[in-house]
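Reading through the structure tokens given below for one structure.
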Amino acid sequence: VIKKVSETGKKVSQDRETLVTAIVHAKQKMMGPEAFSEADTSEKRIFSDIYSMYNEALRTQKLFDYEDLVYTVAREMETNEAYRKDCRNRFQYIFVDEYQELNQAQYRLLRALTPPDNNICVNGDPDQSIYGFRGSDPRYFNDFIDDFPETKTVFLDRNYRSGRIILKAAYQVMDGCPMVFSNRGEEKRRVCSDTEGLKKNIHILEMSSERAEADAVSRTIEKMVGGSGYHAQNAGRVGQTDVSRPLGFSDLAVLYRTGDQHRVISESLSSCGIPFQVAGPDSGWDRPGTRRLFSLFKVIEGSGHYVDFENVVAAWQPGIGKEAVYSFCQWGLTHGYDLSAAMTEAKRFPIPGMPRHRQEKLVDLMKRMKGYARQMDGMSFPDKLRHLLTHAGIERIVSEKGALSPACDQNRSWGEGCDRTADTFFGRKALETDIDTVSFDVQKVTLMTLHAAKGRECKVVFIVGGEEDLIALL
């Protein structure tokens with residue numbers, strides 16, 4: 001899309017990640033491309049063009065992005081009275097958990113969905129809104145009372161999980177923050193507990209750098225588990241442990257604010273030979289070999305998209321060239337073809353801007369994929385993966401691009417029990433959460449964001465990156 005806009009003579013000054021983030025924020029605020037078309041700066045007007053073309057590319061391929069799941073439905077409910085009435089009849093009682101995570105699009109969807117008799121209950125903690133997860137805003141607590149004036153508010157101010165020391169520390173963190181929920185003039189309430197908790201269970205360690213902090217965490221973990229890191233014996237660190245409280249690696253977790261923060265911690269733990277797992281998007285999924293394998297699989301199954309096709313060409317027919325692939329994709333999108341239709345039409349008609357010999361190579365690749373589809377007809381999902389690994393040259397790509405086996409093993413296990421078209425597999429992968437990617441039964445230290453850690457319990461927790469504007473400090 002960026003390239004197509006640039007070809008019209010307009011200068012795109014923002015990079016892809018910045019534009020994607022802007023589109024996400026716009027949809028969270030229920031703002032379509034038209035909201036920027038008459039903006040006072042050329043940069044915003046160009047963004048409107050990119051946003052519009054992006055949406056059109058999604059529609060052509062019958063795709064929704066993540067924000068569309070709320071944005072599109074909320075718009076339809078606000079503008080289509082029959083649809084709104086039908087949804088309200090289907091959902092006569094509404095309960096919302098984790099209400100503090102609502103953004104504007106979600107709140108407008110909730111308001112449109114709520115039936116006239118206001119059978120709705122929400123549950124949330126306004127103090128958790130301070131980080132603004134996915135565009136959330138604490139003002140929706142007060143907006144809820146304004147929009148539903150008969151609301152009854154119940155404060156759940158007793159904590160049955162944490163001791164008083166933990167709660168006192170949490171209050172110190174929040175004490176300097178503005179009150180995000182007024183409840184019509186009441187003073188801010190403190191959460192209480194009947195459990196005292198351990199006397200010395202919070203320690204603050206100040207380090208000079210991110211690397212020093214990571215190394216300090218690794219050394220502390222080794223000490224706690226008795227120097228059980230793979231390399232601890234060689235480093236002379238065995239035996240330095242508190243035997244009164246024996247711990248295993250699964251009893252420890254390292255928490256941070258944003259996903260990228262785990263990298264330095266991971267490197268330090270690896271250098272110490274400490275086993276760990278990262279709760280987050282499946283890193284194996286993004287390995288070049290894995291990504292191309294599943295792109296090929298989706299194209300063969302008829303559920304692939306133009307990005308998948310680009311991955312397939314790069315791996316199996318690099319001689320076609322990037323420009324030729326770009327010409328093919330733009331030709332398909334311009335004519336309103338999804339990938340399957342474009343592949344069919346490319347066998348019948350010349351593609352503008354693509355040399356004949358390159359289009360012939362493109363058609364040859366399509367025929368090869370058709371052949372794989374015939375060979376795999378009737379196979380289960382795991383068997384299809386094994387077939388492609390064996391017959392489609394995946395092993396060559398793996399040797400060139402890095403280890404693929406662990407990721408494939410994990411994804412094959414996901415595929416057990418999926419239907420023969422593998423729609424279930426890709427649906428589950430799309431809805432996969434951070435916690436779905438880890439197992440708390442294995443002896444590994446778990447690294448995860450504060451948000452992913454909600455509801456989990458560990459004996460020892462390290463919170464790293466305690467810096468201003470990142471994590472609130474005691």
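All values derive from a computational prediction rather than experimental measurement.
- Heavy atoms only, all atoms of each residue included: Lys27 and Tyr51 are closest at CG-OH, 3.1 Å.
- Contact record, Met224 with Phe462: SD-CZ, 4.2 Å, taken as the closest heavy-atom pair.
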Exercise for the section: Evaluate side-chain contact (heavy atoms from CB on, under 4.5 Å) for Leu293 paired with Leu385, printing each intermediate quantity in order. Expected result: CA-CA 8 Å; Leu293 168 64; Leu385 276 187; 4.1 Å; yes
Problem - Worked check of side-chain contact (heavy atoms from CB on, under 4.5 Å) between Asp194 and Arg158 - result: CA-CA 8 Å; Asp194 294 328; Arg158 185 165 299 277; 2.9 Å; yes
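- One finds no salt bridge joining Arg263 and Glu210 here, because no Lys/Arg side-chain nitrogen approaches an Asp/Glu carboxylate oxygen to under 4.0 Å.
- The number of heavy-atom neighbours closer than 6.0 Å to NZ of Lys3, taken from other residues, nucleotides and ligands shown, is above 12.
- Of the inter-residue distances, the one linking Ile166 atom CD1 with Lys168 atom NZ reads 12.5 Å to the nearest 0.5 angstrom.
- With 3.5 Å as the limit, one finds no donor-acceptor pair spanning the side chains of Gln106 and Gln104.
- Looking at every heavy atom in both residues, Ala39 comes nearest to Arg45 through O-NH1, 2.8 Å.
- With values rounded to the nearest 0.5 angstrom, Asn103 atom CG is found 10.0 Å from His25 atom NE2.
- Between atom SG of residue Cys121 and atom NZ of residue Lys152 there is a gap of 11.0 Å, rounded to the nearest 0.5 Å.
- Considering only heavy atoms from C-beta on, Ile145 comes within 4.5 Å of Thr153 through its side chain.
- Within the 4.5 Å cutoff, the side chain of His305 has no heavy atoms near those of the Leu339 side chain.
- The shortest side-chain heavy-atom distance between Phe36 and Asp49 does not fall under the 4.5 Å cut-off.
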Problem - Audit row: Glu267, Arg211, side-chain contact (heavy atoms from CB on, under 4.5 Å) steps and yes/no - result: CA-CA 9 Å; Glu267 292 172 2; Arg211 169 60 66 180; 2.6 Å; yes
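- Contact check for Ile274 versus Val225: no side-chain heavy atoms found under the 4.5 Å cut-off.
- Ring pair Phe297/Phe294 is perpendicular by interplanar angle, where above 60° counts as perpendicular and below 30° as parallel.
- With 3.5 Å as the limit, one finds a donor-acceptor pair spanning the side chains of Asp65 and Tyr54.
- Here the closest non-hydrogen pair linking Tyr140 and Leu102 is CD1-O, 3.6 Å.
- For the residue pair Glu310 and Cys329, the shortest heavy atom distance occurs at OE2-SG, 3.7 Å.
- With hydrogens and angles disregarded, a donor-acceptor distance shorter than 3.5 Å links the side chain of Tyr256 to the backbone of Met448.
- Within 6.0 Å of atom NZ in Lys44, 12 or fewer heavy atoms from other residues, nucleotides or ligands are found, so the atom counts as exposed in its surroundings.
- Gln443 is not listed as a side-chain neighbour of Pro275, based on a closest heavy-atom distance of 4.5 Å or more.
- Within a 6.0 Å radius of CZ in Arg16, other residues, nucleotides and ligands contribute 12 heavy atoms or fewer.
- Within a 6.0 Å sphere centred on OH of Tyr160, heavy atoms belonging to other residues, nucleotides or ligands number 12 at most.
- Taking CD1 of Ile50 as the start and CG of Leu19 as the end, the distance is 4.5 Å to the nearest 0.5 Å.
- When the shell of 6.0 Å around CD of Glu34 is examined, it contains more than 12 heavy atoms from other residues, nucleotides or ligands.
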Exercise for the section: Check the pair Asp147 / Tyr107 against side-chain hydrogen bond (donor to acceptor under 3.5 Å, both in side chains), numbers first and verdict last. Expected result: CA-CA 11 Å; Asp147 291 334; Tyr107 184 72; 2.5 Å; yes
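- Looking at Asn55, its side chain never comes within 3.5 Å of a backbone N or O of Ser52 through a donor-acceptor pair.
- The shortest non-hydrogen separation linking Pro115 to Ile94 is CD-CD1, 3.9 Å.
- The pair Arg219-Glu222 does not count as a salt bridge, with every side-chain nitrogen at least 4.0 angstrom from each carboxylate oxygen.
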Problem - Test log, rule side-chain contact (heavy atoms from CB on, under 4.5 Å), inputs Cys458 and Thr446 - result: CA-CA 10 Å; Cys458 293; Thr446 300; 5.9 Å; no
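- A 6.0 Å sphere centred on CD of Glu38 holds no more than 12 heavy atoms belonging to other residues, nucleotides or ligands.
- A donor-acceptor pair is defined here as one N or O able to donate and one able to accept, closer than 3.5 Å; such a pair exists between the side chain of Ser193 and the backbone of Ser162.
- Between Ile221 and Leu269, the closest side-chain pair of non-hydrogen atoms falls below 4.5 Å.
- With Thr8 contributing its side chain and Val5 its backbone, the two residues share a donor-acceptor pair below 3.5 Å.
- Side-chain N or O atoms of Tyr306 include none that pairs as donor or acceptor with a backbone N or O of Gln61 at under 3.5 Å.
- By the neighbour-count criterion of 12 heavy atoms within 6.0 Å, atom OH of Tyr66 is sparsely surrounded, having that number or fewer from other residues, nucleotides or ligands.
- Judged by distance alone, the side chains of Asp215 and Ser268 do bring a donor and an acceptor atom under 3.5 Å apart.
- At a threshold of 4.0 Å, the pair Arg111-Asp143 does not count as salt-bridged, since none of the basic side-chain nitrogens sits closer than that to a carboxylate oxygen.
- For the pair Glu213 (side chain) and Gly465 (backbone), a donor-acceptor distance under 3.5 Å is present.
- Atom NZ of residue Lys10 and atom CD1 of residue Ile46 lie 6.5 Å apart, to the nearest 0.5 angstrom.
- Looking at heavy atoms from C-beta onward, Glu301 lies out of side-chain contact with Phe381 at the 4.5 angstrom threshold.
- Of the possible donor and acceptor atoms, one in the side chain of Thr114 sits under 3.5 Å from a partner among the backbone N and O of Leu110.
- The distance from the NZ atom of Lys29 to the CZ atom of Arg108 is 13.0 Å, given to the nearest 0.5 Å.
- Looking only at side-chain heavy atoms (C-beta outward), Glu56 and Thr60 come within less than 4.5 Å of each other.
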